[in-house]
Amino acid sequence: MVQLNDGADVDYALNDAQRKVNAILADLPDDVKAPSLNKFSLDDLPIITMSISSDKLNSKDLYDLLDKKIEPIFSRVNGVAQVDLVGGQEREIQVNLDEKKLQGYGLSIGDVQQAILSSNLDFPTGSLKTRTTKSTIRLSGKYKSTEEMNNLVVSNKNGAQVRLSDIATVFDSQKDVEKVARFNQFPTILMQVKKQSDANAVAVSESVQKTIKTVEEAYKVQGVKVKIVNDTTEFTLESANHVIFDLFLAIILVAIVMLLFLHSIRNAFIVMVSIPASLVAAFIGMNLMGYTLNLMSLLGLSLVVGILVDDAIVVLENIYRHMEMGKSKIRAAYDGASEIGFTVAAITLVIVVVFLPIAMSSGLVANILAQFCVTVVIATLLSLLASFTIIPWLSSRFGKLEHLTGKNWFEKFILWFEGLIDRFTHWVTDILEWCLKTTLRRISTVVITFIILISSFSLVIFGFIGGEFFPPIDRGQFLVQMELSKDATVEKTNQLTLEVEKFLRNDKDVVDLITTVGQQSTGFGGAQATTYQSEVQVNLTDKSERSESTNIKAAKVKRALEEKFTGVEFKTAPIGIMGAENAPIEMVVTAPDNAIAVKEATRILELLKKFLEQ
């Protein structure tokens with residue numbers, strides 16, 4: 001596995017590596033398979049996992065139907081890059097040769113193999129022409145049944161025909177099982193859908209769900225049932241919906257605050273107009289930048305809601321001040337906006353110069369936060385434009401001086417709120433007067449403030465407040481990965497995994513179990529079969545319905561499994577926003593030979609255990 005530096009061109013590096021591999025092909029043994037290189041990224045992990053079942057077809061026929069007809073349907077869905085089948089029994093025609101009969105007829109295994117391959121062909125033999133049409137004639141020579149293979153003439157020496165049935169027995173069987181799949185402890189065939197790197201995961205998921213209905217309707221006679229057991233876009237949509245809810249909640253709260261402090265529904269309405277105007281205009285800017293409504297851009301919009309009204313409030317308050325000076329609405333709007341222009345621009349540009357450099361930086365952080373930062377910058381700049389155009393225009397038309405007298409319940413409530421603000425202001429003023437009254441108090445205030453400032457930084461320096469790239473996210477999913485000795489068969493691994501599934505099912509918090517034996521989702525996404533490895537994805541109940549977080553649950557499950565099963569290496573990995581979470585610290589031990597490496601790795605492991613116990 002080759003990990004590239006940040007900013008490297010993956011396609012160029014892949015081609016360069018392929019050229020270097022091709023340069024040493026001549027040095028490899030003759031019977032070795034040609035090395036192949038694959039590009040791997042987070043986009044290559046499946047976004048949808050489906051469980052396929054049928055109450056009318058056996059496992060072999062169902063797999064054949066999926067492989068030949070249903071899988072190509074999903075592969076043609078717009079945005080789908082690859083569709084993989086896990087589990088099931090793949091059809092295989094086995095030819096068991098009789099060694100003595102081969103020797104008796106003077107044939108070798110290569111002769112038989114060549115005869116079978118050369119006879120299993122479709123090829124054109126000519127064309128048929130008329131005055132109006134032309135048709136191609138094709139000779140269909142592919143085997144349709146084992147009887148046809150039994151009648152195949154393998155050798156025809158001196159007029160004596162030797163058929164395949166004379167030297168071998170042909171079976172319509174299945175391939176040796178390399179991977180096993182189960183859903184909630186029941187055998188199934190899993191179909192994993194991977195999206196293209198530039199495709200929208202949510203759009204691909206919606207297209208796949210529509211295709212599922214089409215497939216079930218088309219293969220109703222065969223009793224095909226398709227169930228989505230894992231859809232990674234559900235978490236994305238759920239998170240996006242929460243952010244959208246927060247966005248509207250923020251707008252409502254901003255409106256309430258504006259109403260309380262501006263004393264007038266009319267003035268609050270003038271300020272609130274800048275929010276939808278700036279947001280809609282921000283959508284246009286996001287579209288020009290090629291952005292979508294994802295978690296980062298939505299978070300940027302929800303953050304910027306409060307910022308959007310800052311400029312508008314400052315401009316409106318200054319216009320209101322000029323109206324109190326006796327000026328007309330139009331004159332007050334012009335003078336108020338022009339007088340405070342530089343101040344408002346400074347307020348906005350301070351925000352821009354904070355977020356814009358982050359968007360222009362490089363690295364993983366910039367890739368994640370670029371849309372967040374640019375969305376904030378676009379919306380903030382547009383709010384500045386709105387405060388110089390929409391706010392003065394509305395004020396010049398609908399602005400009005402209002403004096404609260406308490407004649408109705410609304411004015412009484414506003415006056416009561418104003419009284420609370422005044423009392424709070426007087427309380428803060430009294431504290432400041434007390435601090436500044438004598439020289440000793442002034443010095444003491446500065447010293448205490450400085451100590452509090454330094455102490456707040458000390459919380460981070462001395463480890464009271466930790467640091468991490470992403471905070472833990474509780475999706476209610478974690479992986480249980482098992483690894484046996486390298487010589488373990490898939491049957492042995494499967495038997496152990498069945499016992500682990502029974503153990504996990506006894507937990508009341510467990511909802512679904514998605515099992516794959518013979519592969520794990522780490523590395524290249526299960527591209528290769530490893531008979532000694534297996535994995536169980538555990539889906540838990542909602543966070544509100546359990547007492548423990550997913551991280552704690554996964555750690556407890558690992559300890560319980562290690563106590564119950566010996567000779568097995570267990571790993572548990574909670575699934576976060578970036579997929580399965582790896583260990584925060586990984587150590588690699590290298591040595592001249594395997595024995596020394598194992599010895600040193602064991603010694604280091606014991607040292608780490610002692611350190612953690614302390």
Side-chain touch [X]/[Y], heavy atoms, less than 4.5 angstrom:
{"X": "Val536", "Y": "Met482", "answer": "yes"}
{"X": "Asp84", "Y": "Lys194", "answer": "yes"}
{"X": "Ile109", "Y": "Val112", "answer": "no"}
{"X": "Val80", "Y": "Lys195", "answer": "no"}
{"X": "Lys553", "Y": "Thr572", "answer": "no"}
{"X": "Val154", "Y": "Gln161", "answer": "no"}
{"X": "Leu28", "Y": "Pro35", "answer": "yes"}
{"X": "Arg505", "Y": "Gln185", "answer": "yes"}

Donor-acceptor check, side chain of [X] to backbone of [Y], threshold 3.5 angstrom: yes or no?
{"X": "Ser534", "Y": "Val517", "answer": "no"}
{"X": "Asp98", "Y": "Ile167", "answer": "no"}
{"X": "Asp9", "Y": "Tyr12", "answer": "yes"}
{"X": "Ser54", "Y": "Gln222", "answer": "yes"}

For [X], all residues meeting salt bridge (charged side-chain N to carboxylate O under 4.0 Å, His left out), sequence neighbours excluded:
{"X": "Lys558", "result": "none"}
{"X": "Asp64", "result": "Lys68"}
{"X": "Asp11", "result": "Lys39"}
{"X": "Glu600", "result": "Arg603"}

Salt bridge (Lys or Arg N to Asp or Glu O under 4.0 Å) partners of residues 225-239, not counting sequence neighbours, each pair once |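 Those involving residues 225-239 do not exist here.
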
Taking atom types as modelled, is there a side-chain donor on [X] or [Y] under 3.5 Å from an acceptor on the other?
{"X": "Ser53", "Y": "Thr188", "result": "no"}
{"X": "Ser549", "Y": "Asn551", "result": "no"}
{"X": "Lys179", "Y": "Gln519", "result": "yes"}
{"X": "Asp172", "Y": "Thr146", "result": "no"}
{"X": "Thr497", "Y": "Glu501", "result": "no"}
{"X": "Arg182", "Y": "Asn494", "result": "yes"}

Nearest atoms (heavy-atom pairs only) where [X] meets [Y]:
{"X": "Ser485", "Y": "Tyr532", "value": "O-CB, 3.3 Å"}
{"X": "Leu561", "Y": "Val480", "value": "CD1-CG1, 3.6 Å"}
{"X": "Leu540", "Y": "Val511", "value": "C-CG2, 3.7 Å"}
{"X": "Pro574", "Y": "Phe478", "value": "CA-CB, 3.7 Å"}
{"X": "Val86", "Y": "Ala181", "value": "O-CB, 3.5 Å"}
{"X": "Thr233", "Y": "Ser205", "value": "OG1-OG, 3.2 Å"}

Could you give me the CA-CA distance, side-chain angles and deciding distance for Ser207 and Asn78, then say whether side chain to side chain donor-acceptor pair (under 3.5 Å) is met?
-> CA-CA 8 Å; Ser207 300; Asn78 187 30; over 6 Å; no

Does [X] have any side-chain contact (heavy atoms from CB on, under 4.5 Å) partners at least two apart in sequence or in another chain, and if so, which?
{"X": "Leu37", "value": "Leu14, Ala17, Gln18, Val21"}
{"X": "Thr489", "value": "Glu491, Lys492"}
{"X": "Asp111", "value": "Leu107, Ser108"}
{"X": "Lys129", "value": "Ser127, Lys134"}

If you count the non-hydrogen atoms of other residues, nucleotides and ligands that lie under 6.0 Å from CD1 in Ile604, is the total more than 12?
->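 Yes, CD1 of Ile604 has more than 12 neighbouring heavy atoms, counting only those of other groups under 6.0 Å.
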
Counting only heavy atoms not in Glu606, do more than 12 fall under 6.0 Å of its CD?
->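 More than 12 within 6.0 Å, yes.
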
Using 30° and 60° as the class limits, which term best fits the ring planes of Phe570 and Phe565: parallel, tilted or perpendicular?
->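 Geometry flag for Phe565 against Phe570: tilted rings.
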
Charged N to carboxylate O under 4.0 angstrom, [X] versus [Y]?
{"X": "Lys599", "Y": "Asp593", "result": "no"}
{"X": "Asp166", "Y": "Arg163", "result": "no"}
{"X": "Glu483", "Y": "Lys571", "result": "no"}

Run the side-chain contact (heavy atoms from CB on, under 4.5 Å) check on Met50 and Ile212 step by step: do they pass?
-> CA-CA 10 Å; Met50 297 174 284; Ile212 289 175; 3.5 Å; yes

For Thr49, check side chain to side chain donor-acceptor pair (under 3.5 Å) against everything at least two apart and list the hits.
->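 With sequence neighbours excluded, Thr49 shows a side chain to side chain donor-acceptor pair (under 3.5 Å) to no residue whatsoever.
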
Would you please name every residue forming a side chain to side chain donor-acceptor pair (under 3.5 Å) with Asp27, sequence neighbours left out?
->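 Listed in chain order: nothing, the list is empty.
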
Would Met191 and Leu66 count as a side-chain contact (heavy atoms from CB on, under 4.5 Å) if you check the C-alpha gap in whole Å, the side-chain angles of each, and the deciding distance to 0.1 Å?
-> CA-CA 9 Å; Met191 183 178 289; Leu66 291 173; 4.0 Å; yes

Hey, mind stepping through Val10 and Leu4 against side-chain contact (heavy atoms from CB on, under 4.5 Å) and telling me if it holds?
-> CA-CA 8 Å; Val10 181; Leu4 303 178; 4.0 Å; yes

Pairwise distance CG(Leu57) to CD1(Ile52) - rounded to 0.5 angstrom = 12.5 Å

Separation of Leu97 CG from Leu102 CG (nearest 0.5 Å) = 5.0 Å

Which side-chain N or O atoms in residues 214-221 pair as donor and acceptor under 3.5 Å with protein atoms at least two apart or in another chain?
residue, atom, partner, partner atom, Å
Thr214, OG1, Lys210, O, 3.2
Glu216, OE2, Val226, N, 2.9
Glu217, OE2, Lys220, NZ, 3.4

Let me see the working for Thr232 and Ile48 under side-chain contact (heavy atoms from CB on, under 4.5 Å), right down to the final yes or no.
-> CA-CA 6 Å; Thr232 59; Ile48 293 181; over 6 Å; no

